[in-house]
Amino acid sequence: LMTLENDPINITRQTSAISVTKPSGTQVDYYLYPEFEIHANTLPAGVVQDWHKYQQLDENIIVTSGKITVEYLENGHITSQIVEQNDVLRVKKSIHRLLNQSTEPAQFIVFRFIPTGQDQSELMKHDKVDCENLIK
């Protein structure tokens with residue numbers, strides 16, 4: 001019978017997150033890990049974030065409720081797009097900001113990591129091991 005390494009799962013409760021309300025009113029729960037970060041954000045109606053960009057960070061956002069507007073600089077002009085529930089926004093190294101132009105709060109999860117530059121897609125696709133026969 002095959003045995004597998006078994007790392008225990010880890011649950012970080014919201015009560016253990018670093019919770020911050022920014023001056024704009026944005027509420028963020030920070031979940032910080034050595035190789036990545038996850039942020040749970042609530043963007044109140046009418047909030048506009050400051051323009052910013054990242055030098056190395058790869059930031060990916062999935063809207064979980066409501067909708068946000070992303071504005072970004074493209075060819076010297078400000079472009080705007082609406083990002084709705086279940087859409088994924090990858091900001092890359094763009095100069096951008098997020099806005100909530102609706103009358104309801106918007107919620108989104110941010111996944112942040114520093115890319116290695118290596119294509120990991122095949123490894124991710126084939127990393128799952130079926131353990132059904134190991135559990136009795």
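- Within the 4.5 Å cutoff, side-chain heavy atoms of Leu98 are placed close to those of Leu89.
- We find the CD1-CD1 distance between Ile109 and Ile62 to be 8.5 Å, quoted to the nearest 0.5 Å.
- From Gln107, atom CD reaches atom OG of Ser65 across 4.0 Å, with rounding to the nearest 0.5 Å.
- Here the closest non-hydrogen pair linking Gly76 and Leu73 is C-CD1, 4.1 Å.
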- Message: If you apply the rule side-chain contact (heavy atoms from CB on, under 4.5 Å), what do you find for His52 with Ile95, and how did you get there?
- Response: CA-CA 5 Å; His52 62 285; Ile95 298 172; over 6 Å; no
- Query: Are Gln85 and Lys67 close enough, and set up right, to give a side-chain contact (heavy atoms from CB on, under 4.5 Å), and what steps lead you there?
  - Reply: CA-CA 6 Å; Gln85 186 172 337; Lys67 59 185 173 185; over 6 Å; no
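- Counting only heavy atoms from C-beta outward, the side chains of Ile78 and Trp51 approach each other to under 4.5 Å.
- Applying the salt bridge (Lys or Arg N to Asp or Glu O under 4.0 Å) test to pairs two or more places apart or on separate chains, those with a residue in residues 46-63 are Asp58-Arg90, Glu59-Arg112.
- Annotation: Lys93, atom NZ; neighbour count of heavy atoms from other residues, nucleotides and ligands within 6.0 Å is above 12.
- Note that NZ of Lys22 is 6.0 Å distant from CD of Gln49, once rounded to the nearest 0.5 Å.
- Atom-to-atom distance recorded for Tyr31:OH and Glu37:CD is 13.0 Å, nearest 0.5 angstrom.
- For Ala106 against Asn100, the heavy-atom pair with the smallest separation is N-ND2, 3.3 Å.
- Between Tyr33 and Phe36, the ring-plane angle classifies as parallel under the 30° and 60° cut-offs.
- In terms of heavy-atom proximity, Ser102 sits nearest to Ala45 at O-CB, 3.2 Å.
- Annotation: the span from Gln118 atom CD to Ser121 atom OG amounts to 12.0 Å, rounded to 0.5 Å.
- Within 6.0 Å of the NE2 atom in His77, the count of heavy atoms belonging to other residues, nucleotides or ligands does not exceed 12.
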- Item | Residues Ile68, Leu99; criterion side-chain contact (heavy atoms from CB on, under 4.5 Å); working and verdict | CA-CA 6 Å; Ile68 58 175; Leu99 307 81; over 6 Å; no
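- Within the 3.5 Å criterion, the main-chain N or O of Ala40 finds no donor-acceptor partner in the side chain of Asp29.
- Pairing each heavy atom of Val63 with each of Glu84, the nearest pair is CB-O, 3.5 Å.
- For Tyr72 against Gln81, the heavy-atom pair with the smallest separation is OH-NE2, 2.7 Å.
- The OG atom of Ser94 lies 9.5 Å from the CD atom of Glu74; values are rounded to the nearest 0.5 Å.
- Taking the six-membered ring where tryptophan is involved, the planes of Tyr30 and His39 are perpendicular, since the angle between them exceeds 60° and thus also 30°.
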- Task: List the steps, then state whether side-chain contact (heavy atoms from CB on, under 4.5 Å) holds for Ile38 with Val110.
- Result: CA-CA 5 Å; Ile38 299 172; Val110 178; over 6 Å; no
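- Other residues, nucleotides and ligands contribute at most 12 non-hydrogen atoms within 6.0 Å of the CD atom of Gln56.
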